[in-house]
Peer 1: 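Structure incoming, see below.
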Amino acid sequence: MLRVRNLAVHFPTRRGTVKAVNDVSFELNDGEILGLVGESGCGKSMTLLALMGLVPYPGETVAGEVRFQGRDLLKLGRDELRQVRGRQIAMIFQDPLTTLNPVFKVGEQIAEALRVHNILKPEKRGLFSRSASGTDAIREEVIRLMEAVGIPAPEQRLEEYPHQFSGGMQQRAIIAIALSCRPHLLLADEPTTALDVTVQAQILDLLRQINQKEGTGIILVTHNLAVAAEFCQRLAVMYAGQLMELGPTEAVIFDPIHPYTKGLLRSLPYLVPKGSPLVPIPGSVPDLAQLPRGCPYSSRCELATAACWEQSSPWVEVQPGHAARCWRST
Ligand SMILES: Nc1ncnc2c1ncn2[C@@H]1O[C@H](COP(=O)(O)OP(=O)(O)OP(=O)(O)O)[C@@H](O)[C@H]1O
Ligand code: SF4
Ligand SMILES: [Mg+2]
């Protein structure tokens with residue numbers, strides 16, 4: 001479905017060039033759910049934004065290829081990209097609760113998404129205008145979408161404003177907007193972080209249903225490995241702008257290759273067996289404007305050798321479909 005090669009996003013700053021995404025390559029298979037995990041600031045959001053051509057200024061996608069349905073999205077013009085965005089690829093942005101516009105009714109906002117992409121062409125514009133056949137086509141579609149994402153009493157609730165919705169219901173409305181164009185690919189950036197645990201489970205369940213019913217491919221960004229482990233078929237682990245490990249979820253969780261993945265797993269209370277001590281990773285994440293010449297994890301890695309400091313580490317497939325970027329995996 002999607003093939004990303006050598007993606008790089010840079011931010012020019014006074015301290016130097018911040019390499020927010022550094023040589024990232026991965027694929028998403030048809031109908032697959034891929035988890036993108038890693039600590040805050042490692043480049044997860046920028047990776048998704050780069051796929052959509054939405055890297056914020058002064059950032060820039062300086063290299064890479066993003067193949068989607070036979071085309072390189074990075075080479076598309078603005079108008080062509082706009083056609084793909086929202087229509088074939090939709091994104092649920094991080095901090096979703098600020099995504100909805102507080103001054104428009106929820107129903108209007110879902111209807112607007114349908115209109116922008118000409119999904120249904122009503123005879124005249126204006127909220128829920130009647131089509132030639134006399135049916136209120138957009139209104140019906142909005143209700144169908146609201147029902148599909150589990151918003152109760154959609155006929156009434158489409159007339160309500162975002163502040164009248166709970167956090168979970170707001171997130172459902174955002175998912176309805178994302179799904180309004182029946183995208184092939186959904187990029188979900190921390191879609192449940194702001195929600196409490198029960199609502200979180202409901203939203204993930206909803207995304208899974210969409211994936212199973214519609215075959216929509218999903219890239220789920222989360223810093224919560226437990227959520228990713230439960231939800232995703234494969235996991236990609238990022239650190240300091242680079243992809244460090246990629247493989248089937250079970251293999252990455254139970255048989256990790258990369259020292260960073262191992263360190264991450266040892267430090268998470270919900271993944272460490274009861275009674276075992278938690279082991280934090282020593283040191284701190286390197287400055288993305290002053291990355292070391294070699295492996296960005298070298299200052300924290302107990303296995304680091306001279307090669308690790310000097311040369312960037314190779315991407316090695318250790319098991320079929322399970323690879324890591326580490327000198328020690330060669
Ligand atoms: N305007 C900017 N100028 C300089 N650097 C930036 C700018 N915006 C983002 N960055 C850098 O890009 C890096 C990647 O940011 P990104 O938002 O992708 O992280 P993330 O993995 O999504 O983190 P989080 O889990 O906190 O959402 C960050 O370390 C940040 O320092
Ligand atoms: S390349 Fe070297 S420093 Fe980097 S993770 Fe592997 S062993 Fe550690
Ligand atoms: Mg982010």
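All ligand and atom numbering here is 1-based and tracks the order in the structure.
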Peer 1: Does atom 19 (O) of ligand 1 have a protein non-hydrogen atom under 4.0 Å from it?
Peer 2: yes

Peer 1: Shared ILVMFWY cluster between Ile257 and Ile253, side chains joined below 4.5 angstrom?
Peer 2: no

Peer 1: Testing Leu54, Leu48, Leu49 for side-chain contact (heavy atoms from CB on, under 4.5 Å) with Met52, which one passes?
Peer 2: Leu54

Peer 1: Can you name the atoms of ligand 1, numbered from 1 with element, that are less than 4.0 Å from a heavy atom of Thr13?
Peer 2: 4 (C)

Peer 1: Under the salt bridge (Lys or Arg N to Asp or Glu O under 4.0 Å) rule, what do Glu147 and Arg144 come out as? Steps first, then yes or no, please.
Peer 2: CA-CA 5 Å; Glu147 262 166 7; Arg144 190 194 70 74; over 6 Å; no

Peer 1: Leaving waters out, which protein N, O or S atoms fall under 2.8 Å from atom 6 (Fe) of ligand 2?
Peer 2: Cys326 SG

Peer 1: Do any N/O atoms on Ser40 end up under 3.5 angstrom from N/O atoms on ligand 1?
Peer 2: yes

Peer 1: Any chance CD of Gln319 has more than 12 other-residue heavy atoms, nucleotides or ligands included, within less than 6.0 Å?
Peer 2: no

Peer 1: Note the single closest protein heavy atom to atom 8 (N) of ligand 1, along with its residue, its atom name and the distance in Å.
Peer 2: Phe11 CZ, 3.5 Å

Peer 1: Which heavy atom in Phe68 sits nearest to a heavy atom in Met1, and how many Å separate them?
Peer 2: CD1-O, 3.3 Å

Peer 1: Does any N or O atom in Met46 lie less than 3.5 angstrom from one in ligand 1, N or O only?
Peer 2: yes

Peer 1: Among Gly41, Ala289, Ala50, whose heavy atom sits nearest atom 14 (C) of ligand 1?
Peer 2: Gly41

Peer 1: Under 4.0 Å between a Lys/Arg side-chain N and an Asp/Glu carboxylate O for Glu155 and Arg139?
Peer 2: no

Peer 1: Taking Ala148's backbone N and O only, do any of them form a donor-acceptor pair with Gln209's side chain (distance below 3.5 Å, no angle check)?
Peer 2: no

Peer 1: Is there any N or O on Cys42 that sits under 3.5 Å from an N or O of ligand 1?
Peer 2: yes

Peer 1: I'd like to know if Arg115 pairs up with Glu112 as an ion pair, taking the criterion as any Lys NZ or Arg NE/NH1/NH2 lying under 4.0 Å from an Asp or Glu carboxylate oxygen.
Peer 2: yes

Peer 1: How far is atom 27 (O) of ligand 1 from its nearest protein heavy atom, and which residue and atom is that?
Peer 2: Gln94 NE2, 2.8 Å

Peer 1: Would you mind checking which non-hydrogen protein atom is closest to atom 25 (O) of ligand 1, with the distance to 0.1 Å?
Peer 2: Lys44 NZ, 2.8 Å

Peer 1: Show me which atoms of ligand 1 lie under 4.0 Å from any heavy atom of Leu288.
Peer 2: 13 (C), 29 (O)

Peer 1: Please list all pairs meeting ring-ring contact (aromatic ring centres under 6.0 Å, His included) that have one or both residues in residues 212-242, counting only residues at least two apart or in different chains.
Peer 2: Tyr239-Tyr260, Tyr239-Tyr297

Peer 1: May I ask whether Gly59 has any heavy atom positioned less than 4.0 angstrom from an atom of ligand 1?
Peer 2: no

Peer 1: Keeping Asn6 on the side-chain end and Gly64 on the backbone end, is there a donor-acceptor pair under 3.5 Å?
Peer 2: no

Peer 1: In a check of side-chain hydrogen bond (donor to acceptor under 3.5 Å, both in side chains) between Glu27 and each of Arg234, Arg5, Arg3, which one passes?
Peer 2: Arg5

Peer 1: Will you find, in the side chains of Glu245 and His322, an N or O donor that is under 3.5 Å from an N or O acceptor?
Peer 2: yes

Peer 1: Please report which non-hydrogen protein atom sits nearest to atom 12 (O) of ligand 1, along with the residue it belongs to and the distance in Å to one decimal place.
Peer 2: Ala20 CB, 3.3 Å

Peer 1: Quick one: does Ser45 get an N or O within less than 3.5 Å of an N or O on ligand 1?
Peer 2: yes

Peer 1: Heavy atom of Gly38 under 4.0 Å from ligand 1?
Peer 2: no

Peer 1: Measure the distance from atom 31 (O) of ligand 1 to every protein heavy atom, then report the residue, atom name and distance (to 0.1 Å) of the closest one.
Peer 2: Val18 CG1, 4.6 Å

Peer 1: Is Lys44 salt-bridged to Glu39, cutoff N-O under 4.0 Å?
Peer 2: no

